[in-house]
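Okay, structure first, notes after.
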Protein chains: 2
Amino acid sequence: MTPAATAPSSRDLPHPAREEIRLEGVLHALSDPMRLRIVRDLAADSDELFSCSYFDLPVTKSTTTHHFRVLRESGVIRQTYRGTAKMNGLRRDDLDDLFPGLLDALLAAADRQSARLGTG
Amino acid sequence: MTPAATAPSSRDLPHPAREEIRLEGVLHALSDPMRLRIVRDLAADSDELFSCSYFDLPVTKSTTTHHFRVLRESGVIRQTYRGTAKMNGLRRDDLDDLFPGLLDALLAAADRQSARLGTG
DNA sequence: GCCGTACTACGATGCCTATCGTACGAGTCG
DNA sequence: CGACTCGTACGATAGGCATCGTAGTACGGC
């Protein structure tokens, strides 16, 4: 009965409402190198959704799951199931509404640091 | 032999050099509510220096010392002794040079959240 | 129905950290 | 010198968290 090719499955995941997103939580989520890297990758193609397995992180799958959950529960990303895959996208709309300019400043800062350190 | 009234004493404190400041460290430092509050207070009067005891935090002095050290070691604040007092100031110059616009975006986000939640 | 893939749940482990209390050092003022 | 203030150092404690491995669930295809 799947209505369309890209429809989310019945399973759904708990996300904080926009008003529940806390700055401290966002900063904490982004203070981990692995999670910052994920967010930068997501931001590189802001209109696309990426499955968890798209990211080739130097940690096990368990740990990857953990990081994606932290990002979701802090309100940084949105996750939806599509079949067996779990698609991830930045919550840019909500973050820009709550904290205008913050996400861009953070991403620019991360880019700048990467360029300076030659790490990406 | 104190050369002038506002001269720092002989004791000095280890600060990271500008190039050593890491974005992840800054975000981690600011992800603690107590430290975010300190930084917001410091930013309110950016040209002034404040002693540690100026901040009336709901924690003991030991804990306050700990938070100020985290802020200093992450490169967010600069600390200098002046007599028995330890003066604190934002490292706005260094942060603005490394991550242009980031500090302002963070402070604006914090202000916005405070206004929204009625917490300051 | 069966298998493979994608992700999760749970338990363990070791480290980090926010907090406290107490004891101490550095400076200032009488 | 002696007392007082400001902040530090150290130890303890409790909770959080990044990581792993293994076992399990959900979904899609054969």
Looking only at heavy atoms, the pair that brings A:A29 and A:V76 closest together is CB-CG2, 4.3 Å
What is the distance from CD of B:E73 to P of C:dA18, rounded to the nearest Å? 12 Å
Short of 4.0 Å, heavy atom to strand atom, which residues of residues 30-37 of chain B count as contacting DNA chain C? B:D32, B:M34, B:R35
Does a side-chain heavy-atom distance below 4.5 Å link A:L36 with B:L23? yes
Salt bridge (charged side-chain N to carboxylate O under 4.0 Å, His left out): pairs with one or both residues in residues 102-115 of chain A, sequence neighbours excluded: A:R40-A:D111, A:R92-A:D104
Return the set of residues passing side-chain hydrogen bond (donor to acceptor under 3.5 Å, both in side chains) with B:T63 (not counting sequence neighbours), or none when no residue passes. B:T60
According to the salt bridge (charged side-chain N to carboxylate O under 4.0 Å, His left out) rule, which pairs have a member within residues 13-31 of chain A, sequence neighbours left out? A:R18-A:D94, A:R18-A:D97, A:R22-A:E24
Rounded to the nearest angstrom, tell me the gap between atom CG in A:L13 and atom P in D:dT25. 18 Å
Under a side-chain separation threshold of 4.5 Å, the hydrophobic residues clustered together with A:V70 are none
side-chain hydrogen bond (donor to acceptor under 3.5 Å, both in side chains) filter on B:S62, not counting sequence neighbours, yields none
Using a cut-off of under 3.5 Å, enumerate the N/O to N/O pairs linking the protein to nucleotides 22-24 of chain C.
unit_1	atom_1	unit_2	atom_2	d
C:dT22	O4	B:S62	OG	3.4

Give me each pair satisfying side-chain hydrogen bond (donor to acceptor under 3.5 Å, both in side chains) with a member in residues 29-39 of chain B, each pair once, sequence neighbours excluded. B:R35-B:H67
So, using ring pair (Phe, Tyr, Trp, His ring centres under 6.0 Å) as the criterion, who are the partners of A:F50 when residues are at least two apart? A:Y54
B:H66 NE2 - C:dC20 C1' separation (whole Å): 12 Å
Whole Å only: how far is the CG atom of A:L27 from the C1' atom of D:dC17? 17 Å
Rounded to the Å, how far apart are B:E24 CD and D:dA18 C1'? 15 Å
d(OH, A:Y81; P, C:dT5) in whole Å: 18 Å
For B:D56, check side-chain hydrogen bond (donor to acceptor under 3.5 Å, both in side chains) against everything at least two apart and list the hits. none
Residues within residues 45-61 of chain A bordering DNA chain D, heavy-atom distance below 4.0 Å: A:V59, A:T60
Take the protein atom CZ of B:R69 and the nucleotide atom C1' of C:dT19, then report the distance between them rounded to whole Å. 13 Å
Between A:T63 and D:dA18, is there a contact of a side-chain N or O with OP1 or OP2 at under 4.0 Å? no
Please determine, for the side chain of A:H67, which listed nucleotide (D:dG28, D:dC6, D:dA18) has the closest atom? D:dA18
Calculate the interatomic distance between A:F68 atom CZ and D:dA18 atom P; express it in whole Å. 14 Å
Who are the salt bridge (Lys or Arg N to Asp or Glu O under 4.0 Å) partners of B:D93, not counting sequence neighbours? B:R78
